[in-house]
Amino acid sequence: MVRSQSSKPITGTSTFYGGNLHGGTCSFATYTLPSGIYGTAFSGSAWKTGGNCGACLQVTGPRGNSIKVMIVDKCPECSEGHLDLFQDAFKVLQPSSSDPVATSYTYVPCGITSPLVLHAKSGASQYWFSMQVINHNQPVSTLEVSTDGGKTWQGTTRVDYGYFEKSSGFGVATVDIRVTSTSGKTIVVKNFTVKSDAQVTAGSNF
């Protein structure tokens, strides 16, 4: 379970790197960051097997100014208080220096108004299930699958690169998907055809 969005500020320092949205550990290869949200790599020690992928943070710098960032990549050597920001994000907080800067952050809703998106990994099928959730307004807690029209639900396992998987698949090509946020909100997408790189936009967001 990822940290609650009402968490107390976490203090530490921020550095920057060139940014790696499409090739980052969260596997956001098909995603574009929403306007007004920057990218960051997040602590390897607090990675929670990809549980923070897509979560948003409000980051406050030493001058009191703040920005919103989305976790899209892992910084294996970073402590929980250390953010490795995309360079454009860092320059907003500290425009005159490239030295590490004191920052604090809290988890916040992303403020995304468009629906969340489900994306099946390349090679996915009824015999191997692998799916990610992108564009979600709150962190994702679980992804479940129903093969009987929603009467029963089966779990999946989250992996380090942000996907939810079942190595043997679910045995059928068309399934219902239930996604639950860390605040307990749920969204159901019916009749998803599991095939390589399939993608569907849900009807709403958390």
Side-chain angles (χ1 to χ4, degrees), residues 1-10 12 14 20-21 24-60 66-76 78-86 89 103-121 130-145 153 155-165 177-189 199-206:
M1 182 73 69
V2 304
R3 186 182 295 271
S4 167
Q5 292 182 344
S6 61
S7 62
K8 296 179 180 179
I10 296 173
S14 289
N20 194 9
L21 174 62
T25 310
C26 290
S27 308
F28 289 161
T30 63
Y31 191 55
T32 300
L33 286 172
S35 176
I37 299 180
Y38 298 91
T40 189
F42 192 69
S43 166
S45 63
W47 190 245
K48 304 183 189 300
T49 319
N52 282 308
C53 281
C56 285
L57 313 172
Q58 194 75 27
V59 185
T60 302
S66 64
I67 57 173
K68 186 180 290 184
V69 302
M70 181 183 290
I71 297 169
V72 301
D73 198 6
K74 181 196 284 189
C75 175
C78 291
S79 65
E80 186 174 13
H82 180 181
L83 300 176
D84 202 15
L85 300 167
F86 283 23
T103 52
S104 64
Y105 67 85
T106 56
Y107 289 83
V108 295
C110 291
I112 298 170
T113 57
S114 56
L116 61 77
V117 175
L118 302 178
H119 176 250
K121 191 171 177 60
S130 182
M131 179 173 291
Q132 68 177 162
V133 186
I134 53 179
N135 201 53
H136 42 86
N137 193 41
Q138 299 175 8
V140 175
S141 175
T142 61
L143 186 150
E144 300 164 290
V145 174
W153 294 92
T156 58
T157 300
R158 192 200 307 265
V159 294
D160 200 60
Y161 48 87
Y163 278 77
F164 293 85
E165 297 187 341
I177 307 293
R178 183 168 68 185
V179 183
T180 303
S181 74
T182 53
S183 68
K185 296 180 179 179
T186 61
I187 291 176
V188 175
V189 175
Q199 185 164 297
V200 66
T201 300
S204 60
N205 210 321
F206 297 130

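All heavy atoms count here, side chains included; hydrogens, waters and symmetry mates do not. Remember, it's a predicted structure, so these values are computed and weren't measured experimentally.
The two residues P139 and G51 come nearest to each other via the heavy atoms CB-O, 4.4 Å. Nearest heavy atoms, H119 versus T30: NE2-CG2, 4.2 Å. Scanning all heavy atoms of the two residues, the minimum distance from A202 to P115 falls at O-CB, 3.0 Å. Minimum heavy-atom separation, A55 to H136: N-CE1, 4.4 Å.
Residues that satisfy the side chain to side chain donor-acceptor pair (under 3.5 Å) test with T60, not counting sequence neighbours, are absent from this structure. By the side chain to side chain contact (heavy atoms under 4.5 Å, CB included) test, T142 pairs with E144, T180, sequence neighbours left out. Residues forming a ring pair (Phe, Tyr, Trp, His ring centres under 6.0 Å) with Y163 (at least two apart in sequence, or on another chain): Y161. By the side chain to side chain contact (heavy atoms under 4.5 Å, CB included) test, S79 is found to be paired with H82, residues two or more places apart in sequence or in another chain being considered. Remark: F206 engages no residue in a ring pair (Phe, Tyr, Trp, His ring centres under 6.0 Å) (not counting sequence neighbours). Judged as a ring pair (Phe, Tyr, Trp, His ring centres under 6.0 Å), and not counting sequence neighbours, Y105 has no contacts. Listed by chain and residue number, Q58 satisfy the side chain to side chain donor-acceptor pair (under 3.5 Å) test with S66 (two or more places apart in sequence, or in another chain). For T186, the side chain to side chain donor-acceptor pair (under 3.5 Å) test picks out no residue, with sequence neighbours left out. Judged as a salt bridge (charged side-chain N to carboxylate O under 4.0 Å, His left out), and not counting sequence neighbours, E165 has no contacts. Evaluation of the side chain to side chain donor-acceptor pair (under 3.5 Å) rule for S43 yields S45 as partners, not counting sequence neighbours.
With Q132 contributing its side chain and F28 its backbone, the two residues share no donor-acceptor pair below 3.5 Å. Not a single donor-acceptor pair under 3.5 Å links the side chain of W47 to the backbone N or O of N52. Formation of a donor-acceptor pair under 3.5 Å by the R158 side chain with backbone atoms of V140 is found in this model. Using modelled atom types, no side-chain atom of N205 and backbone atom of T113 make a donor-acceptor pair closer than 3.5 Å.
Distance check, rounded to the nearest 0.5 Å: SG of C110 to CG of N137 gives 6.0 Å. For the atom pair CD1 (I67) and SG (C56), the distance works out to 11.0 Å, reported to the nearest 0.5 Å. To the nearest 0.5 angstrom, S27 atom OG is 5.5 Å from K121 atom NZ.
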Before giving the answer on side-chain contact (heavy atoms from CB on, under 4.5 Å), spell out for L143 and R178 the whole-Å C-alpha distance, their side-chain angles and the decisive distance to 0.1 Å.
CA-CA 6 Å; L143 186 150; R178 183 168 68 185; over 6 Å; no

Is there a side-chain contact (heavy atoms from CB on, under 4.5 Å) between T157 and F164? Walk through the geometry before answering.
CA-CA 5 Å; T157 300; F164 293 85; over 6 Å; no

Start with the C-alpha distance between K8 and T106, add both sets of side-chain angles, then the distance that settles side-chain contact (heavy atoms from CB on, under 4.5 Å), and finish with yes or no.
CA-CA 6 Å; K8 296 179 180 179; T106 56; over 6 Å; no

Would you please test Q138 and K185 for side-chain contact (heavy atoms from CB on, under 4.5 Å) and show each step?
CA-CA 9 Å; Q138 299 175 8; K185 296 180 179 179; 3.6 Å; yes

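The shortest side-chain heavy-atom distance between V179 and L118 falls under the 4.5 Å cut-off. Considering only heavy atoms from C-beta on, V117 stays 4.5 Å or farther from V200 through its side chain. Contact annotation: the side chain of L57 approaches that of Y107 to within less than 4.5 Å [non-hydrogen atoms, C-beta and beyond]. The shortest distance between side-chain heavy atoms of I187 and L116 falls below 4.5 Å. In this structure, I71 and V69 have side chains that are not in contact, with every pair of non-hydrogen atoms separated by 4.5 Å or more.
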Without placing hydrogens or testing angles, list every side-chain donor-acceptor pair under 3.5 Å for residues 31-42, not counting sequence neighbours.
{"unit_1": "Y31", "atom_1": "OH", "unit_2": "N135", "atom_2": "OD1", "d": "2.8"}
{"unit_1": "T40", "atom_1": "OG1", "unit_2": "D84", "atom_2": "O", "d": "3.4"}

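A donor atom on one side chain and an acceptor atom on the other are not found under 3.5 Å apart for T49 and D160.
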